[in-house]
Amino acid sequence: MKSKKFLIGLALVGGVAVGFSADVPTPDQVKQLKEMGILPSDVIVDEGNDYFHNLKGPNGKTCASCHGQDGAKLVGAYAKMPRYYKDIDKVADIDIRIKACMTKYMGFPKDKKFKKKFTKKYRVPLAGYVATLSNGMKINVTLDDPQEKEMYEFGKKLWYQRVGGRDLSCAICHEVYAGYRIRLQKLGAPVRDKLYAHWPAYRFSKDKLWTMEDRIRGCYKSYFLYLGKKWDKKKDWVKKPPYYMKELVALELFMKKAANGATVEVPGLLR
Amino acid sequence: MKKVLFTGLVVGLGAIVACQAPASKAEQKAEKPAKKMSKEEKFRAALAKQDKYQKACSNEKQLIPEGISIEQFKKDMLATIKYPEGGVVGDWKKGEKLFGDPKKGGKGLGNCYACHCGDPSIIACGNIGPSLTGYGKSGADPKVTYQRIYNPWSVNPCSAMFRFGVHGILSPEQIAHITAFLHDPNSPINK
């Protein structure tokens with residue numbers, strides 16, 4: 001793994017993708033990186049593949065013990081997520097679902113320490129890997145369960161909610177002003193343009209693979225939510241909603257439902 | 001004489017505080033939950049702080065309030081505006097830094113370049129709001145400019161431009177400086 005990362009560095013220095021620090025590489029550059037087998041997002045997905053088959057829980061089980069060699073039984077699963085799961089009695093996104101499998105079925109402790117390790121280390125590679133198992137399939141989120149319907153409505157409410165010290169909402173930036181620029185940054189239309197199809201996505205500017213939870217948390221930060229009576233960025237700043245909150249799942253469900261019919265193509269490659 | 005009195009006061013106060021210590025500790029405890037909120041609670045509390053007017057704008061149209069007439073909405077918003085003692089036109093050079101300091105690539109407390117172009121030398125500017133280049137030549141009343149920065153919703157209910165004065169992001173004096181920056185013939189906005 002390390003040597004691969006080193007190779008990417010070399011490739012970049014070597015000019016394969018010169019000057020893309022702030023931009024997505026051109027399709028040609030991506031093709032070149034792909035041919036060399038060193039697309040940085042692939043490295044992270046490979047790591048997830050490795051965990052899936054080889055990471056044993058305290059009870060000796062691996063993901064593959066239940067979900068099959070090469071994730072055979074999870075093919076197409078991501079295209080229908082988030083959804084309601086009976087065994088954990090909640091609507092879960094991919095991050096929450098995998099965490100639940102590790103604590104419920106593999107014997108990992110349900111404590112803070114493991115939660116942290118999961119969030120930092122296992123979450124993204126595993127989510128990335130599982131998501132690729134749905135590549136080429138059509139997104140098909142159904143709202144069959146009443147809990148899913150409720151979650152969807154909650155997500156819709158959050159999407160349109162003008163709130164915080166900047167009076168913003170997701171919809172102001174991503175619906176009303178979609179296509180416009182914040183400084184030089186173009187605002188996408190995740191709902192109208194079914195952008196969920198390329199999430200999880202690798203962000204060149206951050207050199208990180210992000211799940212949709214990461215993306216939404218990042219945008220909430222730009223809302224400038226605050227708690228005090230007066231603007232005090234240091235004191236009253238509500239930085240980000242923590243991982244695995246219901247609010248995140250609700251927004252994911254709302255946006256993914258809107259992307260129904262689009263073909264999963266992950267990991268996406270973004271600025 | 002004063003000093004003696006003061007010392008006596010402090011000692012006296014000290015005694016009172018000492019006597020009351022248990023009670024005030026209990027009080028502190030009762031207040032603590034507000035300060036020691038978890039991140040989840042903080043986030044939800046921030047969402048719950050939505051005011052009546054934000055709520056009226058939280059519909060699918062986003063830019064038209066619901067459940068309140070536009071006239072009433074504007075009237076209420078106009079009533080939130082406080083004015084500085086020195087008038088609504090301040091020092092344009094100070095305003096330039098607040099609007100977005102050219103020495104810092106156009107960043108500043110107001111961060112207006114996020115949505116507006118203005119000084120033509122700042123290229124990294126957004127286009128959510130109209131370009132403000134030449135704004136001072138448009139004949140706008142500085143008082144109205146002041147008002148629409150302090151509370152844009154007093155002119156355009158539910159506008160994407162946030163209520164800088166209402167939220168205390170900018171003080172009345174600072175908004176007056178920015179108003180000057182937009183109107184002064186010597187400001188790069190109008191050159």
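Proteins come first, then strands; the chains are lettered A, B, ... in the order of their sequence lines, and each starts at number 1.
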Quiz prompt | Under the ring pair (Phe, Tyr, Trp, His ring centres under 6.0 Å) test, residues paired with Tyr85(A) that sit two or more places apart | solution = none
Exercise. Pick one of side chain, backbone, both or neither for Ser38(B), based on which atoms fall under 4.5 Å of a heavy atom in chain A.
Key: neither
Quiz prompt | Side chain / backbone / both / neither for Asn59(B) at chain A, heavy atoms under 4.5 Å | solution = backbone
If you count heavy atoms of other groups shown closer than 6.0 angstrom to [atom1] of [X], is the number above 12?
| X | atom1 | result |
| --- | --- | --- |
| Tyr180(A) | OH | no |
| Lys149(A) | NZ | yes |
| Arg203(A) | CZ | yes |
| Lys90(A) | NZ | no |

Those residues of [range], ordered by number, that approach chain B below 4.5 Å (heavy atom to heavy atom):
| range | result |
| --- | --- |
| residues 242-254 of chain A | Pro242(A), Met245(A), Lys246(A), Glu247(A) |
| residues 167-177 of chain A | Asp167(A), Leu168(A), Ser169(A), Ala171(A), Ile172(A), Glu175(A), Val176(A), Tyr177(A) |
| residues 152-162 of chain A | Lys156(A), Leu158(A), Tyr160(A), Gln161(A), Arg162(A) |

Quiz prompt | Modelled atom types, side-chain donor and acceptor of Asn111(B) and Arg183(A), under 3.5 Å | solution = yes
Self-check item: Pairs of heavy atoms under 4.5 Å with chain A: top-ranked of Arg163(B), Met161(B), Lys61(B), Glu60(B)
Solution: Glu60(B)
Practice problem: Please confirm whether the backbone N or O of Ile128(B) pairs with a side-chain atom of Arg181(A), one donor and one acceptor, at under 3.5 Å? | Solution: no
Quiz item: Roughly how far, to the nearest 0.5 Å, is NZ of Lys186(A) from CG of Asn127(B)?
Solution: 10.5 Å
Quiz item: Do Leu184(A) and Ile123(B) touch side chain to side chain, with heavy atoms closer than 4.5 Å?
Solution: no
